[in-house]
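One structure below.
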Amino acid sequence: MSSSPRSSLEQGAAATAAAGLSPRTEGAGAAIAASSPSTLGAGTTGSILGPLPQWDATAGFAAPPTPGSSNLAEHTHMLLTNPPPATADIPRSNYALPPASLTFKDVAFSLPARRSGSENVILEPCSGHFEDGQVVAIMGPSGCGKTTLLDILSDKKTSKYSGEVRVNGRLRDARFRRIAAYVGQEDLMPPHWKVREAIKFNATLKKQPSRTHYKVDAWINVLLSAFSLDDVAESMIGGIEVRGISGGQRRRVGLARGVAAHASLLFCDEPTSGLSATDAEVCIKALRIVAKRLGVLCLVVIHQPRQEVATLFDSLILLTSHPGRMAYSGPMSGAQAYWEQRQCPVPKNVNPTDFFLDILTPGTTWDHADEFVKAFDTFQKPALEERVRRALATPGASVEDMLATRSGEVVRMSRYAVPFGTQLSALLTRKLRLMLRNPLGLALPLLVPIVQGLVVGYMFHGIGDKGLLRQVMFVFCLLTMLCLAGTMSLIVLITDRTLMKHEVSEALYSEGAAALASVLVDVPLALLGACLNVFIMAGLGRLDSVVFRAVLVWALLLFFVYDSLFAFIGAVAKDTRQAQVVATPFISIFMLFNGFMVSRADSPTSLRWIFSVSPNAYAMEAITAVVLDRFEPFDLMEQMTKVNLEKQFPEPPKEAQGLAILLSMIIMLRIGQQLGLRYLNHIQR
């Protein structure tokens, strides 16, 4: 290959070499140390960030000399809304976040062995160390383990992996999510949510103690400008049935939500996918300013960015595939010089990142993957491992230290940044807004029961003045419709649970807060629909007042039992189809063993225990007893019907026992729902 003219990236490599770092002998850690201002000694000036704040475990940050602007909040806003060139120095803010370095050693991942007995290696052992204030690009061909590596580093990997990951030289604990944020490939957001509300949701629930000087709304305005979302701030996110913002704008909203969390560590999985080249540059510029200004360490999985975007990154990790192996780990500015020293100079007028991936993609014409892996092991890996060893030997601030404030105020040290009440308030506010904006979501729980009540009530019009058997059949139909009505909620329950699982994995709120918010909003709405259904049917049927009271009491008890049952199934079932399969037997059996379709006397002895746990049986027996007591036969046929029904329901209704059983079922099912939400159906990575 012929050598190419020196590009801007090569000039950066030359500057690195002039500083005493030979690309041939540099390790990733050494290169990072040279390019990262955070590794300079105390009081060092002239770095890319200007004078660095010093961290003290008890006092927090000691403020450095005020850079340029008298108002640092306005300075940050100015930089985000008017990004400087990639080569410009960006001073660290007095209100920078507590610094967090990330060190990983021998991290590897393999899929379990198949019938052949051999494991499918996805990522071979790799190590690295990055200081705060850097923007790190993780690149490589498909199947190289980029997302796998990011998931391991961000503590999102649910499958077993090997190796260790440390923050400031310390093992991660349950509070890791307090200082970390993750922006995934999936943009899971309610369609009726507005852009501003989505960003504010994360900012409110993950507010950092060290950022109390900055009002949440002001920070949201900064992010809207930084990610070019001003024009759609009040627009809905949208979805299949709701018109909203574009796909590219959704990606930027997701990125803004991650930045809004004010986390010292920010992990982004392909945040520029689906964006135009210009929008991608805008997003990475915003990430760079956040990293430099607030001292955030950003790790970004990205696919072949154009050269203007590539220059915005401080460091680069390049992986090759089949299996995933490190081929380069060092400063982005030194990558071209490193390639040239490996006798693979970047051709003229070719995007360097495109060329890097051409070289590292196995099976292509330009394939030199194995050679670059060997070169990495020879020239970079020794220094990198030494860098990792030193980082692990000198632990820095713990999460507790990072969360401490200079004011000495008491700071929450739990997994969640805000108390349960704040979580519940944010969830209730969102749920009520979404419900009011969605006509179907508000109308269906009310409209369907009303229509059903009118239709069935008209069919049994004036039933209170007619035959006894028809009255009992009316009670059976009413209770059956009440049971079946809850099946409509299964789809909503599964959809809400999927969103909840993604947000809980970010420690925005707890499963208990989500469940309680649902109970406080969804249950009253469904209860209102059930009450309207009963009132309409009973009114059109002209039931006796005593019978009506019995119907209302037991119908509402039955509603709470089935609502709890469906909530439990929605928490434990994997998907909507499985939920419906699980729910059907319960509904069928309880409806069948209710004393009217099958009586206790007629049922097989081995199955009579079902009557003792069937909520329909207790409700049907109690209401039928009241109907029989109030009914006065007006001819011989009705007299015989009453005698037959009394034989079918020979025992007096066990109302106290039924009440205790139904209340116990409600409590146990709600406890089961909580356990299911907490321990089942986690996001698998």
Side-chain angles (χ1 to χ4, degrees), residues 156 158 177 181-206 236-242 244-245 247 249-251 253-258 260-261 269 415-416 418 420 422-438 440-442 444-445 488-523 525 566-579 673-674 676-685:
K156 289 286 186 176
T158 54
R177 298 253 68 87
Y182 182 90
V183 180
Q185 296 184 32
E186 299 177 342
D187 302 316
L188 284 179
M189 291 177 281
H192 292 88
W193 217 5
K194 292 185 178 180
V195 170
R196 180 185 296 276
E197 294 168 354
I199 301 174
K200 186 175 181 179
F201 188 77
N202 284 51
T204 301
L205 293 178
K206 292 201 76 172
M236 292 185 185
I237 299 296
I240 298 176
E241 300 177 354
V242 182
I245 58 178
Q249 289 168 333
R250 284 177 64 94
R251 295 295 293 153
V253 171
L255 196 55
R257 291 183 69 191
D269 189 9
R415 183 170 183 261
Y416 305 102
V418 296
F420 184 87
T422 305
Q423 299 172 32
L424 181 61
S425 175
L427 288 167
L428 283 175
T429 300
R430 178 174 72 173
K431 204 162 189 64
L432 289 171
R433 285 175 174 171
L434 296 179
M435 183 180 66
L436 293 174
R437 289 176 191 153
N438 182 8
L440 289 178
L442 184 61
L444 284 180
M488 296 187 303
S489 65
L490 285 174
I491 297 177
V492 177
L493 287 170
I494 299 294
T495 302
D496 289 349
R497 188 198 69 195
T498 303
L499 174 64
M500 180 271 291
K501 284 294 183 181
H502 277 83
E503 294 181 337
V504 166
S505 70
E506 276 297 292
L508 293 176
Y509 52 81
S510 65
E511 295 90 346
L516 183 56
S518 178
V519 168
L520 293 177
V521 176
D522 295 335
V523 173
L525 187 63
F566 294 137
F568 169 71
I569 294 173
V572 301
K574 290 184 177 180
D575 50 39
T576 304
R577 182 176 180 180
Q578 188 183 83
Q673 177 197 13
Q674 288 297 309
L677 289 175
R678 184 164 187 176
Y679 297 109
L680 300 178
N681 300 307
H682 295 302
I683 306 300
Q684 300 297 316
R685 298 181 185 276

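Just the heavy atoms: all of them, side chains too, but no hydrogens, waters or symmetry mates, feed the values below.
Atom CZ of R433 sits about 16.0 Å away from atom CG of N438, to the nearest 0.5 Å. Separation of atoms CD (Q423) and OH (Y416) is listed at 6.5 Å; rounding is to 0.5 Å. To the nearest 0.5 Å, atoms CG (N681) and NZ (K574) are separated by 8.0 Å. One distance of note links CD1 of I683 with NZ of K501; it measures 8.0 Å at 0.5 Å rounding. Here the straight-line distance linking atom CD of Q673 with atom CD1 of I569 works out to 11.5 Å at 0.5 Å rounding. Between T429 atom OG1 and L432 atom CG the span is 7.0 Å, to the nearest 0.5 Å.
Closest heavy-atom contact between L427 and A517: CB-CB, 3.9 Å. Contact detail for M236 and P191: the closest heavy-atom pair is CB-O, 3.6 Å. Shown here for G258 and A181, the closest heavy-atom pair between the two residues is O-CB, 3.6 Å. Contact record, Q578 with V572: OE1-O, 4.2 Å, taken as the closest heavy-atom pair. Scanning all heavy atoms of the two residues, the minimum distance from R177 to Y182 falls at NH2-CB, 4.2 Å. The minimum heavy-atom distance linking P190 with L434 is given by the pair CB-CD1, 3.6 Å.
For the pair I237/R250, a side-chain contact is recorded, criterion being any heavy-atom separation below 4.5 Å from C-beta on. With a 4.5 Å cut-off on side-chain heavy atoms, F201 and W193 count as touching.
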For this session: Apply the test side-chain contact (heavy atoms from CB on, under 4.5 Å) to residues V418 and T204: give CA-CA distance (whole Å), side-chain angles for both, the deciding distance (0.1 Å), then the verdict.
Result: CA-CA 8 Å; V418 296; T204 301; 5.8 Å; no
For this session: Report the C-alpha distance between L424 and L516 in whole Å, list the side-chain angles of each, state the deciding distance to 0.1 Å, and finish with yes or no for side-chain contact (heavy atoms from CB on, under 4.5 Å).
Result: CA-CA 8 Å; L424 181 61; L516 183 56; 3.7 Å; yes
Exercise. Does the side-chain contact (heavy atoms from CB on, under 4.5 Å) test come out yes or no for L493 and R497, once each step is laid out?
Worked result: CA-CA 6 Å; L493 287 170; R497 188 198 69 195; over 6 Å; no
Problem set entry | Chi angles and distances behind the side-chain contact (heavy atoms from CB on, under 4.5 Å) call for L525, L442 | CA-CA 8 Å; L525 187 63; L442 184 61; 4.1 Å; yes
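Around atom CG of L680, more than 12 heavy atoms belonging to other residues, nucleotides or ligands sit under 6.0 Å away. By the 6.0 Å contact criterion, OH on Y679 is open, its count of non-hydrogen atoms from other residues, nucleotides or ligands being 12 or less. Crowding of R577 atom CZ: a count of heavy atoms from other residues, nucleotides or ligands under 6.0 Å not exceeding 12.
A salt bridge does not link K431 to E197: none of the charged side-chain nitrogens sits closer than 4.0 Å to a carboxylate oxygen. Salt-bridge annotation for E506 and K156: present, with a side-chain N of the basic residue lying under 4.0 Å from a carboxylate O of the acidic one. R257 has a carboxylate O that lies under 4.0 Å from a charged side-chain N of E503, or vice versa, which qualifies the two as a salt bridge.
For S505 (side chain) and H502 (main-chain N/O), a donor-acceptor pair under 3.5 Å exists by modelled atom type. Side chain of T158 to main chain of R685: a donor-acceptor pair is present (N/O by atom type, distance under 3.5 Å, no hydrogens or angles). A donor-acceptor pair under 3.5 Å is absent between the side-chain atoms of Q249 and the main chain of I245, judged by distance alone. Without hydrogens or angle criteria, R251 side chain to D187 main chain gives no donor-acceptor distance under 3.5 Å. With T498 contributing its side chain and I494 its backbone, the two residues share a donor-acceptor pair below 3.5 Å.
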